[in-house]
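The analysis underlying the following values was restricted to heavy atoms, covering all of them including side chains, and did not include hydrogens, waters or symmetry mates.
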Amino acid sequence: MGPKKRKVVTAWPGARERRSGLSVQLQPGVGQGAELEPEPRGHLQQQLPEEAPVTSVYFNKVAHRRLSSGFFNRPCVTLAKEFLGQVMVRKFPDGSEVKGRIVETEAYLGGEDQASHSRGGKQTPRNTAMFMTPGTMYVYQIYGVYFCLNVSSQGDGAAVLVRSLEPLHGLDTMRQLRSKRRREAGKPLKDHELCNGPSKLCQALDITKIFDRGDLATGNEIWLEPGPEEISGADIVSTSRIGIGYAGEWVNKPLRFYIKGNKCVSVVDRDAEKVKD
DNA sequence: CTATGGATCAACT
DNA sequence: GTTGATCCATAGA
């Protein structure tokens, strides 16, 4: 039997409201400062003015507080692994911030990758961001309900899907944002459940289509900072991607990467974790 | 396990 | 312009 007939709607509900910022009331101050901030890396972590221009790599080591465009200009698989451990920061219109450490990513390689939205090298209005400068965000809506965040990498049509974060700061804000789609009577979410999925993290950070084609390297509302610790190759599990059963030979390619043992990984692969030789 | 929900795009008229 | 099949998921039972 065929699919049910659907009415056609040209805009997603709430689009206008969300443009003006948060659509839930946040409780200011609650929980802020009670959570552990990542240790600064070295002594150069001083605060910078928000739009501090980076004019020279030689005189602006300080500017590495925020990962800049050069960081994103790497091959897709390399970038997917380098993302692990970096801290995603979301600043809301009221000035408050939430932060989470990236613990799970997937690489989508572009034209030849049958699981990629850019398969066959096809560029459409939806996936245009995948073909833009490395560091460009590709946000798309899935199943009509949720959003997923990708970041363009080096390579035509290649991008990295951000699948899971370990919440570091602003957990109460995340919980409020995540509750919007949940029943009142639902059990309160554990910390590790706040961002353990590609659309969960978009809810928790209020990432919507308005960020599509935005630049993660220069934006004021969302950016990356160096993580508190280096993630070594030995701590990275490489395994198959999630939810791409249609992609033929690409189904089993090890293009999903996560930090071994991290509680916030969405789908754990015990077999892939068994390190042999 | 199932229900949910709407944009997207190829393939048509 | 319309149609049909699909889609990188989540929530709740």
Side-chain angles (χ1 to χ4, degrees), chain A residues 1-16 18 76-77 79-80 83 102-131 137-153 157-165 174-175 177-190 192-213 239-248 250-258 264-267 269:
Chain A
M1 55 179 141
K4 280 173 283 187
K5 204 167 184 178
R6 306 286 182 193
K7 68 174 176 179
V8 177
V9 178
T10 52
W12 52 284
R16 179 168 302 187
R18 285 169 192 245
C76 193
V77 167
L79 185 64
F83 267 8
I102 298 174
V103 300
E104 181 181 1
T105 60
E106 287 178 0
Y108 286 86
L109 304 188
E112 82 269 46
D113 183 351
Q114 288 304 301
S116 174
H117 284 177
S118 57
R119 72 187 79 89
K122 294 268 169 55
Q123 188 173 336
T124 66
R126 177 173 68 150
N127 69 12
T128 291
M130 301 184 85
F131 295 85
M137 289 179 278
Y138 170 42
V139 180
Y140 67 90
Q141 196 169 18
I142 182 85
Y143 303 126
V145 192
Y146 301 108
F147 294 99
C148 292
L149 169 66
N150 302 255
V151 183
S152 160
S153 72
V160 175
L161 172 69
V162 183
R163 279 196 62 90
S164 302
L165 305 179
M174 291 181 181
R175 222 178 309 272
L177 287 163
R178 288 271 285 117
S179 299
K180 289 199 293 184
R181 270 194 183 278
R182 301 167 59 81
R183 279 174 39 191
E184 298 262 335
K187 280 176 259 179
L189 292 167
K190 305 285 189 191
H192 75 269
E193 295 173 319
L194 291 170
C195 301
N196 62 336
S199 296
K200 293 178 182 178
L201 74 88
C202 285
Q203 285 178 21
L205 273 61
D206 198 33
I207 295 170
T208 67
K209 245 195 149 54
I210 66 171
F211 289 104
D212 187 45
R213 306 185 195 180
T239 181
S240 52
R241 293 173 291 183
I242 303 295
I244 54 160
Y246 57 89
W250 289 83
V251 169
N252 296 315
K253 305 245 184 206
L255 293 173
R256 182 165 66 101
F257 309 99
Y258 67 85
C264 302
V265 172
S266 65
V267 180
D269 183 342

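In this view, Tyr108(A) satisfies the ring-ring contact (aromatic ring centres under 6.0 Å, His included) rule with no residue, not counting sequence neighbours.
Remark: P of dA11(C) and CD of Glu193(A) are 9 Å apart, rounded to the nearest angstrom. Put simply, CG on Asn127(A) is 14 Å from C1' on dC7(C), counting in whole angstrom units. The CD atom of Glu106(A) sits 12 Å away from the C1' atom of dA9(C) (whole-angstrom rounding). As a whole-Å value, the separation of Ile142(A) CD1 from dT10(C) P is 10 Å. Distance, Gln203(A) CD to dG5(B) C1': 14 Å, rounded to whole Å. The distance from atom CE of Met130(A) to atom P of dC9(B) is 12 Å, rounded to the nearest whole Å. What separates CG of Leu149(A) from P of dT10(C) is a distance of 13 Å, to the nearest Å. Rounded to whole Å, atom P of dA9(C) lies 5 Å from atom OH of Tyr143(A).
Side-chain nitrogen and oxygen atoms of Arg126(A) include none within less than 4.0 Å of the OP1 or OP2 phosphate oxygen of dC7(C). Taking side-chain N and O atoms only, Lys209(A) has a distance below 4.0 Å to OP1 or OP2 of dT8(B). A sub-4.0 Å separation between OP1 or OP2 of dA11(C) and a side-chain N or O of Arg178(A) is present.
Between Trp250(A) and Arg241(A) the shortest side-chain heavy-atom distance falls below 4.5 Å. Inter-residue side-chain proximity for Leu177(A) and Leu205(A) is flagged as unmet; no heavy-atom pair is nearer than 4.5 Å. Counting heavy atoms from C-beta on, the side chains of Thr128(A) and Gln123(A) come closer than 4.5 Å. Counting only heavy atoms from C-beta outward, the side chains of Thr208(A) and Val139(A) never approach each other to under 4.5 Å. Side-chain contact check for Cys76(A) versus Val160(A): some heavy-atom pair is nearer than 4.5 Å. The shortest side-chain heavy-atom distance between Tyr138(A) and Asn127(A) falls under the 4.5 Å cut-off.
Under the side chain to side chain donor-acceptor pair (under 3.5 Å) test applied with Ser266(A), the options Glu104(A), Arg256(A), Lys200(A) reduce to a single match, Glu104(A).
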Quiz item: Between Arg178(A) and Gln203(A), does a side-chain hydrogen bond (donor to acceptor under 3.5 Å, both in side chains) hold up when you go through it step by step?
Solution: CA-CA 6 Å; Arg178(A) 288 271 285 117; Gln203(A) 285 178 21; 3.0 Å; yes

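Between Tyr108(A) and dC8(C), a base-stacking contact is recorded: ring centres under 5.5 Å apart, planes less than 30° from parallel.
When the nearest nucleotides of DNA chain C are assigned to Tyr140(A) and Leu189(A) by heavy-atom distance, the more 5′-ward of the two goes with Tyr140(A).
Leu161(A) comes within 4.0 angstrom of a nucleotide base, judged by non-hydrogen atoms across all strands.
Secondary structure note: stems in DNA chain B built from 3 or more consecutive Watson-Crick or G-U wobble pairs under 3.5 Å occupy B:1-4 with C:9-12, B:6-12 with C:1-7.
Remark: Ala115(A), His117(A) in residues 112-122 of chain A come within less than 4.0 Å of DNA chain C through at least one heavy atom.
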